[in-house]
Protein chains: 2
Amino acid sequence: MSDKEIPNIIVGRLPLYLRSLQRMKKEDRQITSSQELGERIGISAAQIRKDLSQFGEFGKQGTGYTIDYLIKQIRRILHIDQEWDIAVIGAGDIGSAVARYKGFANRGFRVTVIFDGDPGKIGAQIGDFTVQDSAYMVDMIKKTGIRIAMIAVPAAKAQQVADQLVEAGIQAILNYAPINLNAPSNVRVQYIDPSIHLQRMTYYLE
Amino acid sequence: MSDKEIPNIIVGRLPLYLRSLQRMKKEDRQITSSQELGERIGISAAQIRKDLSQFGEFGKQGTGYTIDYLIKQIRRILHIDQEWDIAVIGAGDIGSAVARYKGFANRGFRVTVIFDGDPGKIGAQIGDFTVQDSAYMVDMIKKTGIRIAMIAVPAAKAQQVADQLVEAGIQAILNYAPINLNAPSNVRVQYIDPSIHLQRMTYYLE
DNA sequence: AGCCATTTGTGCAAATGAGCACAAACAGCG
DNA sequence: CGCTGTTTGTGCTCATTTGCACAAATGGCT
Ligand SMILES: NC(=O)c1ccc[n+]([C@@H]2O[C@H](COP(=O)([O-])OP(=O)(O)OC[C@H]3O[C@@H](n4cnc5c(N)ncnc54)[C@H](O)[C@@H]3O)[C@@H](O)[C@H]2O)c1
Ligand SMILES: NC(=O)c1ccc[n+]([C@@H]2O[C@H](COP(=O)([O-])OP(=O)(O)OC[C@H]3O[C@@H](n4cnc5c(N)ncnc54)[C@H](O)[C@@H]3O)[C@@H](O)[C@H]2O)c1
């Protein structure tokens with residue numbers, strides 16, 4: 001393990017390893033190997049070993065990896081040995097689904113607030129949350145110090161919302177709107193767009 | 001353009017090009033360049049030109065690309081010069097959101113049926129759809145010849161649903177459940193998991 | 001018509017990523 | 001305790017991917 005910058009592509013795989021490991025843990029497994037992990041995820045054992053070795057020596061020769069320990073290590077590497085608060089913008093279908101989603105628990109995240117601009121939605125109850133007026137969004141995010149946001153507003157409004165989020169100090173955005181966002185380079189942006197995934201598959205269907 | 005197999009990574013970028021081009025078209029633009037497209041998406045102009053050149057010569061030197069024409073070409077390459085029918089499995093929060101989603105129109109897809117196993121949900125109305133009993137899922141998919149499905153059931157049920165889908169002849173699965181699926185190699189699988197994307201960003205936050 | 005500013009498509013080189021294969025380490029067992 | 005069967009971490013090689021840089025093509029302008 002050196003302290004050279006870790007390639008993006010390796011960082012991108014760590015969450016996949018983690019998800020599989022947490023699954024194994026749920027199945028009451030104690031130990032696994034790069035071989036088994038690779039088969040579950042569909043990548044080579046050597047690659048997993050090499051990826052992990054970028055960050056330290058977590059395995060034991062002849063035995064494999066202690067699942068609990070490796071989970072702890074990867075969580076530490078990914079900085080999810082804590083819970084990150086998340087703001088959701090847009091209380092429509094997707095925003096509501098995300099706000100009610102139980103799956104962030106134990107993955108390092110917790111939705112803490114949801115905003116919408118529609119007077120008809122402001123004040124409504126969604127799961128445990130009361131929809132907040134997005135007019136106060138920038139202030140509230142600044143005050144609470146939330147650093148991660150998910151955009152779930154129509155594409156036409158997404159850039160404008162992103163600009164506000166940046167102003168509010170948000171440092172990571174997960175964007176559900178099917179549009180590329182402009183953001184300063186110190187703000188991370190990731191995208192979720194089901195059409196993109198579907199189109200990546202139809203190429204292979206005749 | 002040769003007929004050698006196209007790398008996956010290139011196929012994966014085509015939908016991004018397409019999304020940006022369709023955006024430009026909406027902005028009433030007629031012509032664009034690899035330069036502009038690259039800036040919007042955040043990748044190099046040379047890469048875009050090289051990617052596209054794998055499939056033919058679509059641009060004009062000194063001018064650039066005619067947006068309409070390039071859209072048509074990419075749609076053809078990705079086999080979305082048609083509308084694919086999609087079955088949604090699971091009428092919970094995510095399944096409902098997807099079934100009501102208007103964004104598949106003009107992107108090559110159309111949800112045509114949604115299934116659920118819960119008697120409390122079967123028969124319910126979601127957008128334009130009546131929730132179908134998943135007991136008839138395999139039969140109905142076989143009969144209608146649907147080839148693409150989206151899984152939106154709890155992780156614990158996802159593999160079992162996937163197995164049924166494969167049996168029903170489904171050839172492409174978009175899985176929202178946070179779990180890796182086993183499927184025969186002739187069935188394409190893609191995943192959407194917001195936790196994964198969030199974790200890819202927290203690595204870069206201290 | 002000739003010139004200038006653009007922009008494509010691509011050969012080639014550089015950078016990045018993946019995989020092989022093996023020494024070293026370790027557990028279990030007789 | 002020594003032997004056997006595993007599995008890790010990694011040096012090295014091979015494959016893939018990206019980027020540079022330029023000839024060729026094109027349109028607009030004088
Ligand atoms: N529903 C899906 O399955 C799905 C799938 C993929 C992508 N998306 C994308 O996610 C986004 C949301 O989709 P949806 O189906 O939930 O739409 P929706 O219309 O149900 O909800 C959008 C919400 O955003 C709110 N909004 C609009 N402008 C706002 C602003 N400036 N500030 C705060 N709130 C604002 C609206 O009031 C509305 O409640 C869209 O960009 C859509 O393309 C949705
Ligand atoms: N809600 C989100 O924002 C979100 C985000 C990411 C991932 N997910 C994942 O998507 C999946 C669905 O999430 P959700 O929030 O919609 O859950 P949900 O509990 O609201 O809905 C799940 C639905 O699946 C149905 N179901 C269960 N077993 C079934 C079966 N065998 N056949 C057909 N239907 C069946 C249930 O009756 C229920 O209606 C989960 O795997 C979840 O982890 C959800």
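Computed from a prediction, not measured in an experiment: that's the story for all the values here. Labels below follow one simple rule: chain letters A, B, ... track the order of the sequence lines, proteins then strands, and each chain is numbered from 1.
One atom, CZ of F55(A), and another, C1' of dG9(D), lie 15 Å apart when rounded to the nearest Å. In this structure, E57(A) places its CD atom 6 Å from C1' of dG9(D), rounding to the nearest Å. Atom P of nucleotide dT18(D) and atom CZ of R49(B) are separated by 15 Å, given to the nearest angstrom. Here dT17(D) presents its C1' atom at 11 Å from CD of Q54(B), a figure rounded to the nearest Å. A straight line from CD of Q47(A) to C1' of dC14(D) spans 15 Å, rounded to a whole angstrom. Atom CD1 of I9(A) is separated from atom C1' of dA15(D) by 14 Å (rounded to the nearest Å). Atom CG of N8(B) and atom C1' of dT16(D) are 13 Å apart (whole Å). In this structure, F58(B) places its CZ atom 18 Å from C1' of dA25(D), rounding to the nearest Å.
Taking only side-chain atoms of S34(B), from C-beta outward, the nucleotide of dT8(C), dG27(D), dT8(D) with the closest atom is dT8(C). Proximity note for S53(A) (side chain, C-beta onward) versus dG9(D), dA27(C), dT17(D): the nearest is dG9(D).
Residue-to-nucleotide contacts include a donor-acceptor pair under 3.5 Å from the side chain of Q61(B) to the base of dT8(C).
Salt-bridge annotation for K72(B) and D81(B): absent, with no side-chain N of the basic residue lying under 4.0 Å from a carboxylate O of the acidic one.
A donor atom on one side chain and an acceptor atom on the other are found under 3.5 Å apart for R76(B) and Q73(B). For the residue pair S20(B)/R40(B), the side-chain donor-acceptor check at 3.5 Å is not satisfied.
Taking side-chain N and O atoms only, S44(B) has a distance below 4.0 Å to OP1 or OP2 of dG19(D). Contact annotation: Y65(B) does not reach the phosphate of dT26(D) (side-chain N/O to OP1 or OP2, under 4.0 Å).
Nearer the 5' end of DNA chain C, as judged by each residue's closest nucleotide, is the contact made by K50(A), out of K50(A) and T63(A).
Atom OH of Y136(A) sits in a sparse spot, with 12 or fewer heavy atoms from other residues, nucleotides or ligands closer than 6.0 Å.
Note on L52(B): nothing from the nucleic acid sits closer than 4.0 angstrom, heavy atoms only. Across all strands, I10(B) comes closer than 4.0 Å to no nucleic acid atom at all (heavy-atom distances).
With hydrogens and angles ignored, the 3.5 Å screen pairs a side-chain donor or acceptor of T202(B) with a backbone N or O of L78(A).
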